[in-house]
Amino acid sequence: MADLVVRLWRGDENGGEFIEFKIPAQEGEVVLDVVHRIQATLAPDLAVRWNCKAGKCGSCSAEINGRPRLMCMTRVNQLPEGEPIVITPLKTFPIIRDLVTDVSFNFEMLKKVPGFKPKPREADGTYRMYTEDVERGQEFRKCIECFLCQDVCHVIRDHEENKEHYAGPRLFVRYADLEMNPLDTNDRRQLLVEKMGLGYCNITKCCTEVCPEHIHITDNAIIPLKERVVDDRYDPIAWLGKKIFRKSKKVETDAK
Amino acid sequence: MILRYGIKLVTVTKSNPENVGTKVSLGGVRGGPDVKTLRKDIWWLPQVASGIGLALFVIYATWTAFRNGNYYDGAHGRDYLSPFYSPCLASNCTYKTASVLGTWWKLSPALPILIFPAGFRATCYYYRKAYYKSYWLSPPACGVAEPHKTYSGETKLPLILNNIHRYFWYFAVVFAIILTWDAVAAFRFGNSVGMGLGTLVFIVNAALIWLYTLSCHACRHLCGGHVDQFSKAKIRHWFWKKVSVLNPHHMLFAWLSLVWIGVTDFYVYLVASGTIHDPRFF
Ligand code: SF4
Ligand code: SF4
Ligand code: FES
Ligand code: FES
C-alpha cells in the first residue's frame with residue numbers, strides 16, 4: 001500500500017503550523033489509528049485526546065479535511081485517496097496544544113441549565129411514566145458530548161462574541177430533553193430566548209449533519225423549542241388561551 | 001436548595017430568569033490555520049443549486065402573477081384553474097370563485113392571494129435554511145466561514161418575524177382545501193364527468209401541497225408536539241406520530257410541491273392559450 005500523507009496542526013496558543021508526516025498505510029485503519037502511529041513513531045510529544053476508540057466517549061473530536069468529526073469513527077479509506085489527510089483541532093474552542101482544545105465553554109453553559117425539577121409524587125409516593133412519555137427524550141440522551149455540533153455551529157464558530165449569550169446545539173438538546181419531560185416543572189423558555197440565544201440559531205442544520213449519534217438536533221430539539229417559544233411570546237392566540245385556561249407550567253420562585 | 005453532594009437546584013421562572021444569567025467569556029487563542037475553510041469537496045454545489053432553483057421559481061412566479069391571462073381553461077370543455085389564481089376573488093377574474101374583492105381591484109387577481117403561499121414558504125423552516133445559506137451565506141456551507149462581521153440570526157427585525165410561520169400555516173390549510181377542490185373540479189368536463197391529462201396534473205398538485213403542508217414543523221408542533229405527557233393526550237400523540245413520519249421529508253415535499261405548482265400553472269397556460277390540446281382519457 002502507498003504511503004499516507006498526513007498534515008497535522010501542531011502548536012499552542014503562541015502559534016502553530018502544519019507539519020506533514022509520511023507514514024505507510026495500513027489496512028482497515030481509522031484516522032485515530034494513524035495519529036497514534038505518528039505519535040508512536042514520528043512525534044512522541046504529539047498531544048491528542050482520546051479514550052474509547054469506539055465513538056462513545058466523545059473525546060477524539062477534531063476537524064478532518066475541514067469537517068468536524070470523531071477521529072476514531074473516520075475510516076481512512078473513506079477519505080479521498082492520494083490526497084493528504086488534513087487534521088486540525090476544533091476551531092471554535094481555544095487551543096491547548098496540537099489537537100487538544102479547551103472545551104470548558106460547553107460545561108459552563110451546562111452549569112447554567114436549570115435542572116430537572118419534578119412535580120410532587122402521586123398519592124402512593126411514586127411517579128408513573130408510560131412508554132409514550134419516555135420515548136421522545138431517548139434520542140436526546142444519546143449525546144456523547146463530543147461537542148462537534150458546538151464546533152460547527154456558525155453562530156459561535158464565526159462570531160466569538162456570541163459565546164456570551166449563546167448556549168449552542170448540544171445545550172439545546174439538553175433543554176429540549178428537560179422541557180419535554182412530563183415530570184419537570186421548570187419553564188425555561190424565557191431564559192432560552194433572553195440568555196441562551198435560541199433566536200441566533202438559523203436552523204441551517206450543520207449540527208445535525210455532524211452529530212455522530214445521529215441526533216436530529218435541529219428537527220427534534222431546536223425547532224420544537226422555537227415553536228414552544230412562539231407559544232410563549234409570539235402567538236397571541238396561544239397567549240390568550242393560557243390566560244383563559246391557566247394551563248401554563250407551574251411557576252415557582254424557589255431558592256437559587 | 002442544596003441537594004445531596006452539594007449540588008445546587010436552580011429554579012428559573014418567568015419572574016426571575018436572572019438566576020443563571022451571568023456571562024461566560026471563555027475566549028482564547030484558537031488553533032488551526034486562519035483560513036475560511038479547509039474543505040476541499042465541492043461544498044458550494046448544493047447551495048448554488050438550491051439558490052438557482054429558488055431564483056428560477058421566483059422569476060416564473062412573477063411572470064405568472066402578472067400574466068393575468070390564460071389562467072383558466074373553460075373553453076375546451078375543461079374546468080382547469082391555475083393554482084396561482086385560485087381562489088380567484090376579484091371581479092376581473094376569468095373564472096370567479098367568489099367576488100370578494102369586488103371591482104376596485106384592477107391588477108392581476110393572482111397578486112392579493114399569492115401573499116399567503118408566498119408568506120408560508122418564506123417563513124418555512126426549510127426555505128429559511130435554504131436562503132440563509134444560498135443567499136445570505138450564513139453560513140455558505142457547514143464549516144465554511146461566513147463573510148459577515150456580526151451576526152444576530154433571528155433575534156431582530158425583520159427575521160424575528162419568521163416566528164409567525166404558524167399563522168401562515170393556518171392559511172395554508174385553507175389553500176390546500178381549495179386546491180383539492182380545484183382537483184375535484186378538474187373532473188368536470190362540461191356537463192359530464194371525465195378525466196384528462198390535466199386532471200392528473202391537478203391531483204398530483206393537490207397531493208403534493210398536502211404533503212408539504214402536513215409535514216410542516218409548525219403543524220407537527222400544533223398537532224401534538226407541544227404536549228409533554230403523551231399518555232394523557234392520546235389523540236394528539238397519534239397525530240404527532242403521523243406528522244412525524246412526514247416531517248423528515250419536508251425538504252423533499254417543499255421542492256416537489258414548488259416545482260409541481262409551476263408545472264400545473266404552465267399546463268393550464270398551454271391548454272388555455274390553445275398551444276397544446278389536453279388529451280382526455282374518458
Ligand atoms: S442549526 Fe442552529 S444550532 Fe445547529 S449549527 Fe445551525 S445555527 Fe447552529
Ligand atoms: S448532540 Fe451530537 S454532536 Fe452534539 S455533542 Fe451530542 S453527540 Fe456530539
Ligand atoms: S475515542 Fe471515544 S469517541 Fe473517539
Ligand atoms: S412549511 Fe416548512 S416548516 Fe412549515
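Every chain is numbered from 1 and lettered A, B, ... according to where its sequence line falls, protein lines coming before strand lines.
The side-chain heavy atoms of B:S138 and A:N202, taken from C-beta on, include a pair separated by under 4.5 Å. Taking the side chain as every heavy atom from C-beta outward, A:E20 and A:V5 approach each other to under 4.5 Å. Between B:L211 and B:H249, the closest side-chain pair of non-hydrogen atoms is not below 4.5 Å. Taking the side chain as every heavy atom from C-beta outward, A:I19 and A:W9 never approach each other to under 4.5 Å. A:R67 places a side-chain heavy atom less than 4.5 Å from the side chain of B:R39.
When all heavy atoms are compared, the tightest approach of A:K119 to A:P182 is NZ-O, 3.3 Å.
Residue pairs meeting the side-chain hydrogen bond (donor to acceptor under 3.5 Å, both in side chains) criterion with at least one partner in residues 43-57 of chain B, sequence neighbours excluded, are B:S50-B:S134.
Note on A:V229, A:N220, A:L99: by heavy-atom pairs under 4.5 Å with chain B, the leading option is A:N220. Comparing B:R166, B:K133, B:K156 by how many heavy-atom pairs each has under 4.5 Å with chain A, the most go to B:R166. Here B:A218 is the residue among B:P248, B:A218, B:A141 with the most heavy-atom pairs under 4.5 Å with chain A. In terms of non-hydrogen atom pairs under 4.5 Å with chain A, the most contact-rich of B:A145, B:A130, B:S244 is B:A145. If you tally non-hydrogen atom pairs under 4.5 Å between each of A:T88, A:N65, A:D151 and chain B, the highest count goes to A:N65. Among B:T150, B:N247, B:T37, the residue with the largest count of heavy-atom pairs under 4.5 Å with chain A is B:T150. When each of A:E83, A:K205, A:R233 is scored by its heavy-atom pairs under 4.5 Å with chain B, the top score falls to A:K205. Interface check for chain B: of the options A:T92, A:V193, A:D12, the most heavy-atom pairs under 4.5 Å are formed by A:T92.
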Query raised in the report: Does the ring pair (Phe, Tyr, Trp, His ring centres under 6.0 Å) test come out yes or no for A:Y166 and A:F172, once each step is laid out?
Result: CA-CA 10 Å; A:Y166 186 69; A:F172 294 146; 5.6 Å; yes

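Ring centroids of B:F116 and B:Y167 are separated by 6.0 Å or more, keeping the two rings apart. If you look at A:H165 and A:Y200, their ring centroids are closer than 6.0 Å. For B:F120 and B:Y212, the gap between ring centers is short of 6.0 Å.
Heavy atoms of A:E209 lying under 4.5 Å from chain B belong exclusively to its side chain. With a threshold of 4.5 angstrom between heavy atoms, A:I96 does not approach chain B through any atom at all. Neither the backbone nor the side chain of B:Y126 comes within contact range of chain A; no heavy atoms are under 4.5 Å apart. Heavy-atom distances place no part of A:T218 under 4.5 Å from chain B, backbone and side chain included. Of the atoms belonging to B:D41, it is side-chain heavy atoms, and not backbone ones, that fall under 4.5 Å from chain A. When heavy atoms are compared at a cutoff of 4.5 Å, A:N162 approaches chain B solely by way of its side chain, counted from C-beta outward. Using a 4.5 Å cut-off between heavy atoms, A:D98 does not touch chain B at all. At a 4.5 Å heavy-atom cutoff, the contact between A:C201 and chain B is made by backbone atoms alone. Heavy-atom distances place the backbone of B:K149, and not its side chain, under 4.5 Å from chain A. Neither the backbone nor the side chain of B:L159 comes within less than 4.5 Å of any heavy atom of chain A. Contact annotation for A:F93: only backbone heavy atoms (N, CA, C, O) come within less than 4.5 Å of a heavy atom of chain B. In this structure, chain B has a heavy atom under 4.5 Å from the backbone of A:I156, while its side chain stays farther away. For A:F18, the part lying near chain B is the side chain, with the backbone staying farther off; criterion is any non-hydrogen pair under 4.5 Å. For A:R10, no part lies near chain B; criterion is any non-hydrogen pair under 4.5 Å. Only the side chain of A:E161 comes within contact range of chain B, with at least one heavy atom under 4.5 Å from a heavy atom of that chain. Proximity to chain B (any heavy atom under 4.5 Å) is shown, for A:T204, by both the backbone and the side chain. The contact between A:P89 and chain B is made entirely by side chain atoms (from C-beta outward), counting heavy-atom distances below 4.5 Å.
B:T213 and B:W169 share no donor-acceptor pair across their side chains, judged by distance under 3.5 Å alone. Using a 3.5 Å distance cut-off with no hydrogens or angles, the side chains of A:D133 and B:S231 do pair a donor with an acceptor. Looking at A:E227 and B:Y125, their side chains do bring a donor and an acceptor atom within 3.5 Å of each other. Inspection of the A:E132 and B:H237 side chains reveals no N or O donor paired with an N or O acceptor under 3.5 Å.
Close approach to chain A, defined as a heavy atom under 4.5 Å from one of its heavy atoms, is seen in B:R220, B:H221, B:G225, B:H226 of residues 219-226 of chain B, taken by number.
SG atoms of A:C149 and A:C206 are separated by 2.5 angstrom or more, inconsistent with a disulfide link.
Put simply, the residue from A:R188, A:R136, A:K226 that forms a salt bridge (Lys or Arg N to Asp or Glu O under 4.0 Å) with A:E179 is A:R188.
Remark: side-chain polar atoms of A:R228 are not paired, donor with acceptor, to backbone N or O of A:A176 under 3.5 angstrom.
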